[in-house]
Amino acid sequence: MKLHSGLPYWIVKNQLFDYYNPLRKDVSADVVIVGSGITGALAAHELCKAGLDCCVVDKRSIATGSSAASTALLQYEIDLPLHQLADKIGEENAAFAYRSCLESISDLERILKETGVNADFERVPTVFYASDSKGEDIITKEYEMRRRHNLPVDMLSKEDLKRRYGMDTYAGALTNGESAQADAYKAAVGLLEHHLGRGDLRVYTHTEIADIEEGNDGCRLISVDGHTIYCRYVVVATGFEAGRFLPENVMKLTSTYALISHPVDSRLIWPDRALIWETADPYLYMRTSSGNRIIIGGEDENFGNPKRRDRLLRKKVRKLEEKFHSLFPDIPMTAEMAWCGTFSTTDDGLPFIGPWDDGDRVYFDLGYGGNGITFSVIGAQIIRRALTGCPDRNDEIFGFKRLD
């Protein structure tokens with residue numbers, strides 16, 4: 001399936017990694033990771049560090065799937081506000097999930113520093129604003145529950161938002177210094193290059209897996225071209241394309257839209273270059289780039305048909321521009337590039353990480369929702385602990401058992 005269309009900024013900004021290495025013979029490994037995006041790259045990093053013999057396979061060029069179209073806002077907040085998530089999985093579990101996402105941002109920062117990967121990682125605040133009176137109630141409930149669980153948050157009144165950020169809207173919540181932004185494509189390529197350079201990882205591109213056969217002592221992955229990879233474990237890190245390997249559907253397809261502006265006078269950009277998102281559903285969100293451009297996304301639609309998605313691109317870009325100018329009328333923002341893509345969501349906004357059943361050798365690392373990168377960090381850690389014999393409470397919260 002065509003995962004994105006238009007012109008994703010990261011493909012223009014970065015030099016494509018010209019790595020071509022299709023699987024041409026039968027091979028073996030401890031772990032095979034299917035998918036070379038940011039999720040697969042982080043899983044490979046954790047498992048290589050643990051001393052496991054790993055290989056990555058992807059039917060495309062490295063990281064040219066969903067990671068190339070990611071807007072890479074790194075927040076501990078997930079798509080479902082904390083108080084709403086608490087209604088679904090219990091308050092303690094919801095707070096634990098939020099805290100895990102908070103920790104994952106620092107973990108990603110550490111991983112990039114340790115490996116020397118420059119992924120334009122930058123710490124910035126987050127402003128979560130109420131777009132209407134109903135949203136104001138969401139902000140109040142959210143603030144109270146986050147404070148109860150010692151999660152970082154400050155309340156912003158309507159006057160605070162106007163004075164500090166020039167936003168003429170309702171109340172807001174501020175997360176100061178705990179959020180970040182990055183370049184998901186650079187991160188994925190950089191991590192894979194790091195381990196290729198160390199000689200502890202093999203990557204097979206343009207290799208599509210037709211089938212995964214699981215046995216008592218290992219797995220066989222059979223490529224479309226008829227080659228086989230023998231391994232002890234498999235990690236499926238292919239986002240919604242993992243559906244072909246799952247016993248049943250666990251997600252919904254969503255089409256999303258994004259644009260990036262011409263460079264803007266840095267003096268006109270809102271203070272602290274904060275990540276900004278709203279309480280509406282679907283929500284508008286925005287961030288800046290290192291080159292003083294503004295990235296705006298949203299206008300999601302609940303379908304995944306790529307032709308239908310693509311036909312709406314121009315209309316959606318106009319709407320995103322209109323919404324931005326309504327919020328920041330004094331910033332002369334004009335779209336220079338735009339793109340659309342398909343991603344997956346779940347009912348509770350959480351990912352699915354781990355085996356379908358206890359004892360399975362096929363693990364899924366599926367960071368569904370708007371927090372794909374933070375979920376990918378969590379997923380890589382959960383799977384590394386599982387394959388090295390360390391139990392993890394995250395198994396219960398992010399695993400498939402919550403479907404029971």
Side-chain angles (χ1 to χ4, degrees), residues 1 3 20-37 39-48 50-63 65-66 192 195 200-251 253 344 351-368 376 379-380 382-389 392 395 398-404:
M1 180 177 176
L3 300 186
Y20 181 76
N21 185 35
L23 181 66
R24 293 189 171 95
K25 63 179 181 178
D26 294 354
V27 297
S28 62
D30 288 334
V31 186
V32 176
I33 300 153
V34 184
S36 69
T39 305
L42 284 164
H45 171 72
E46 289 291 329
L47 296 174
C48 286
L52 294 167
D53 175 29
C54 300
C55 72
V56 170
V57 294
D58 199 310
K59 65 182 181 181
R60 303 179 176 88
S61 296
I62 285 176
S66 296
L192 294 175
H195 287 284
D200 58 5
L201 177 69
R202 289 166 287 161
V203 178
Y204 299 104
T205 63
H206 306 90
T207 301
E208 184 173 359
I209 300 302
D211 194 21
I212 299 174
E213 298 177 355
E214 184 174 358
N216 293 329
D217 57 354
C219 299
R220 297 173 66 238
L221 289 85
I222 303 166
S223 75
V224 168
D225 294 330
H227 299 300
T228 300
I229 308 177
Y230 301 91
C231 61
R232 292 166 55 202
Y233 298 99
V234 176
V235 177
V236 178
T238 56
F240 71 82
E241 291 185 307
R244 60 185 295 194
F245 301 118
L246 284 164
E248 62 184 66
N249 183 41
V250 297
M251 51 73 182
L253 294 183
S344 303
F352 281 106
I353 300 165
W356 182 264
D357 287 318
D358 290 341
D360 287 357
R361 291 180 172 271
V362 177
Y363 282 71
F364 293 91
D365 192 355
L366 309 175
Y368 295 147
S376 295
I382 289 174
I383 292 171
R384 185 248 304 156
R385 291 173 188 139
L387 299 192
T388 55
D392 193 321
D395 294 353
F398 298 125
F400 291 98
K401 288 182 180 179
R402 70 181 194 270
L403 293 173
D404 297 340

Any donor-acceptor N/O pair, [X] side chain to [Y] backbone, under 3.5 Å:
{"X": "Ser36", "Y": "Ala63", "result": "yes"}
{"X": "Thr205", "Y": "Asp58", "result": "no"}
{"X": "Asp365", "Y": "Gly40", "result": "no"}

So, taking the atom named [atom1] in [X] and the one named [atom2] in [Y], what distance separates them when rounded to the nearest 0.5 Å?
{"X": "Glu46", "Y": "Ser376", "atom1": "CD", "atom2": "OG", "result": "11.5 Å"}
{"X": "Leu192", "Y": "Ile33", "atom1": "CG", "atom2": "CD1", "result": "8.5 Å"}
{"X": "Ile62", "Y": "Asn21", "atom1": "CD1", "atom2": "CG", "result": "9.0 Å"}
{"X": "Leu52", "Y": "Asp200", "atom1": "CG", "atom2": "CG", "result": "11.0 Å"}
{"X": "Tyr363", "Y": "Ile383", "atom1": "OH", "atom2": "CD1", "result": "8.0 Å"}
{"X": "His195", "Y": "Leu47", "atom1": "NE2", "atom2": "CG", "result": "9.5 Å"}

Could you walk me through whether Val27 and Arg202 pass the side-chain contact (heavy atoms from CB on, under 4.5 Å) test, one step at a time? CA-CA 11 Å; Val27 297; Arg202 289 166 287 161; 4.0 Å; yes
Keeping to residues at least two apart or across chains, list the ring-ring contact (aromatic ring centres under 6.0 Å, His included) pairs with something in residues 202-228. Tyr20-His206
Should the pair Phe400 and Trp356 be assigned to parallel (<30°), tilted (30 to 60°) or perpendicular (>60°) ring geometry? tilted
Can you sort out the partners of Asp225 under side-chain hydrogen bond (donor to acceptor under 3.5 Å, both in side chains), two or more places apart, ordered by chain and number? none
Less than 4.5 Å apart, any side-chain heavy atom of Val32 and any of Cys219? no
Val57 versus Ile209: any side-chain heavy-atom pair under 4.5 Å? yes
Which atom pair, heavy atoms only, marks the closest approach of [X] to [Y]?
{"X": "Asp53", "Y": "Ser28", "answer": "OD2-O, 4.0 Å"}
{"X": "Pro351", "Y": "Leu366", "answer": "CB-O, 3.1 Å"}
{"X": "Phe245", "Y": "Val236", "answer": "CD1-CG1, 4.1 Å"}
{"X": "Ala44", "Y": "Val56", "answer": "CB-CG2, 4.0 Å"}
{"X": "Ser223", "Y": "Thr207", "answer": "CB-CG2, 4.1 Å"}
{"X": "Leu221", "Y": "Cys231", "answer": "CD1-SG, 3.5 Å"}

Strictly by salt bridge (charged side-chain N to carboxylate O under 4.0 Å, His left out), give each pair with a member in [range] just once, sequence neighbours left out.
{"range": "residues 204-219", "result": "Glu208-Arg244, Glu213-Arg220"}
{"range": "residues 20-34", "result": "Asp30-Arg232"}
{"range": "residues 351-364", "result": "Asp358-Lys401"}

Please step through side-chain contact (heavy atoms from CB on, under 4.5 Å) for the pair Leu246 and Phe352, ending with a clear verdict. CA-CA 11 Å; Leu246 284 164; Phe352 281 106; over 6 Å; no
Listed by chain and number, what are the side chain to side chain contact (heavy atoms under 4.5 Å, CB included) partners of Ala50, not counting sequence neighbours? Arg384, Thr388
